[in-house]
2 protein chains.
Amino acid sequence: MSRKIDDKDRLRAPSAKSLAAQGRILDAAEKLFSLYGFDGASLRDIGKAAEVSAALVAHHGGTKDELFEKVVARRAAELSALRLALIEEYRQAGQLDLAALVEAYVTPLLSRAVTPDGPWVHYARLVAHVSTDERWSAITSKWFDPTAARFVEELGLLLPGVAPEVLRARYVFMVSATLSVPTALWRMGENADPARAIQELKAFCLAGFKDLAV
Amino acid sequence: MSRKIDDKDRLRAPSAKSLAAQGRILDAAEKLFSLYGFDGASLRDIGKAAEVSAALVAHHGGTKDELFEKVVARRAAELSALRLALIEEYRQAGQLDLAALVEAYVTPLLSRAVTPDGPWVHYARLVAHVSTDERWSAITSKWFDPTAARFVEELGLLLPGVAPEVLRARYVFMVSATLSVPTALWRMGENADPARAIQELKAFCLAGFKDLAV
DNA sequence: GTCTATAATGAGATAGAC
DNA sequence: GTCTATCTCATTATAGAC
């Protein structure tokens, strides 16, 4: 029985070839999970897309559930850090208003998720699946709740007196509308312009928050 | 080979038992497709949930794809009619403003989709899957595009001078935020109140449209 | 209309050679 | 680290008895 990959008990650094394979596997899994869902994408198809055997997918990714979470986790930390850094940036410039909060939420994801067939488009679609499916609530709480809590907290500071449930609800609406850009851009028209959609999204959400100001 | 069920070439009316089985199959399919997605729900599980054999699921539902569309279609016509009727009602009362349009979109679905584990909750979740997955674009255009076109048209009348792409984008945001209530209520808090969420949703979307008024 | 049985395929996981 | 081969199980779909 082969041992599981674990940083704690690995003696040698992984080879460049191994790392490349691991990356291709995660990229392929990201794409296929996002397009076909957890059950619709098979490990065999992922292996084919990554140009690797099915056994190697299991070797690097573990079980299918583990691979799925690895894919979600890979960009979650980066995305979260980008968003929180933007909040800090606006704060230090003394410009942390509602518009800045919307910007800090929307832009780090969507500015990367406009390239058609790019990895961040697939990732965004994957996040859309995860955040609307209670089966993945463990992944959601682990990777997205801390950022959500921070945004809701900042909203509360800018909108004193508004109940936290209200802020949480409207935050979820912003999340949902944001994720509709990568998942439902095709519903906005034949040749819908992503940049235009992002602009409209920010205006839509900002109005939805300003509505709470006294 | 058994013939396909088709109103055109059926000589006898279906028995009450048959209709009951058919209804249970559609209900079970609606629930399992909405919870686990198209690929995550098996015809066997649907049969078990409907307390019929797997073969009977195929007999009434046809292929898996056909069953899926049957489930979506069953309530789509009703939902669409309810929405368009509400628009007419407001128009005849001389009250067809932006708030009325939001109400006419949101209420027919969500007022029915609050009962936990009720059929409309499952249906709403199913619609959320369908409208964010380009694999089902044929179903979307057939069952949802006409209503969408009507809403966008009415928005255009109330917001003269606003580009259609902008209206379509914001309509999609409203759709997405609306579907987040059944799919992501769990993200709004442990004991989130659906009525409260619906109230916030309407305010959020209304503000997002009013923002376009000059 | 409803069932049992089964064909044909593909799934996830793992053993073991190199 | 990577592969081939295989185990075991679940899947969709269909044939055919009643």
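These values consider heavy atoms only, across backbone and side chains, with no hydrogens, waters or symmetry-generated copies. Every chain is numbered from 1, with letters handed out A, B, ... down the list of sequences.
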* Asked: Can you check whether A:Glu30 reaches A:Arg74 side chain to side chain, under 4.5 Å on heavy atoms?
  -> yes
* Which one, C:dC3, C:dT2, D:dC3, comes nearest to the side chain of B:Ala55? -> C:dC3
* To do: Measure from the side-chain heavy atoms of B:Thr63 and tell me the nearest of D:dA13, D:dG1, D:dC3.
  => D:dA13
* Looking only at side-chain atoms of B:Ala21, point me to the closest of D:dT2, C:dC3, C:dT2. => C:dT2
* How far apart are the closest heavy atoms of B:Phe204 and A:Cys205, and which atoms are they? -> CZ-CA, 3.9 Å
* Nucleotide D:dC3, atom P - distance to CG of A:Leu56 in whole Å -> 5 Å
* Minimum-distance nucleotide (side-chain atoms of A:His60 versus C:dC3, C:dT2, D:dT2) -> D:dT2
* Give the rounded distance in Å between these two atoms: NZ of B:Lys17 and C1' of C:dT2. => 7 Å
* Asked: Do you see a donor-acceptor pair shorter than 3.5 Å between the side chains of B:Ser176 and A:Ser176?
  -> yes
* Asked: What residues, two or more places apart in sequence or in another chain, satisfy side chain to side chain contact (heavy atoms under 4.5 Å, CB included) together with B:Arg83?
  -> B:Leu79, B:Tyr105, B:Pro108, B:Leu109, B:Thr147, B:Phe151
* How long is the line joining CD of B:Glu51 and C1' of C:dT2, in whole Å? -> 15 Å
* Return the nearest nucleotide to the side chain of B:Pro14; candidates are C:dG1, D:dC3, C:dA13. => C:dG1
* Structure fact -> By side-chain hydrogen bond (donor to acceptor under 3.5 Å, both in side chains), A:Thr107 pairs with (sequence neighbours left out) A:Glu103
Just the table, please: protein N/O against nucleotides 9-11 of chain C N/O, every pair under 3.5 Å.
| residue | atom | partner | partner atom | Å |
| --- | --- | --- | --- | --- |
| C:dA11 | OP1 | A:Ser42 | OG | 3.1 |

* To do: Search all heavy atoms of B:Leu126 against all heavy atoms of B:Ser34 and return the closest pair with its distance.
  => N-CB, 3.8 Å
* May I ask you to say what B:Ser18 touches in the nucleic acid, namely base, sugar-phosphate or nothing, with a heavy-atom cut-off under 4.0 Å? => sugar-phosphate
* Short side-chain N/O contact from B:His59 to OP1 or OP2 of C:dG1, under 4.0 Å -> yes
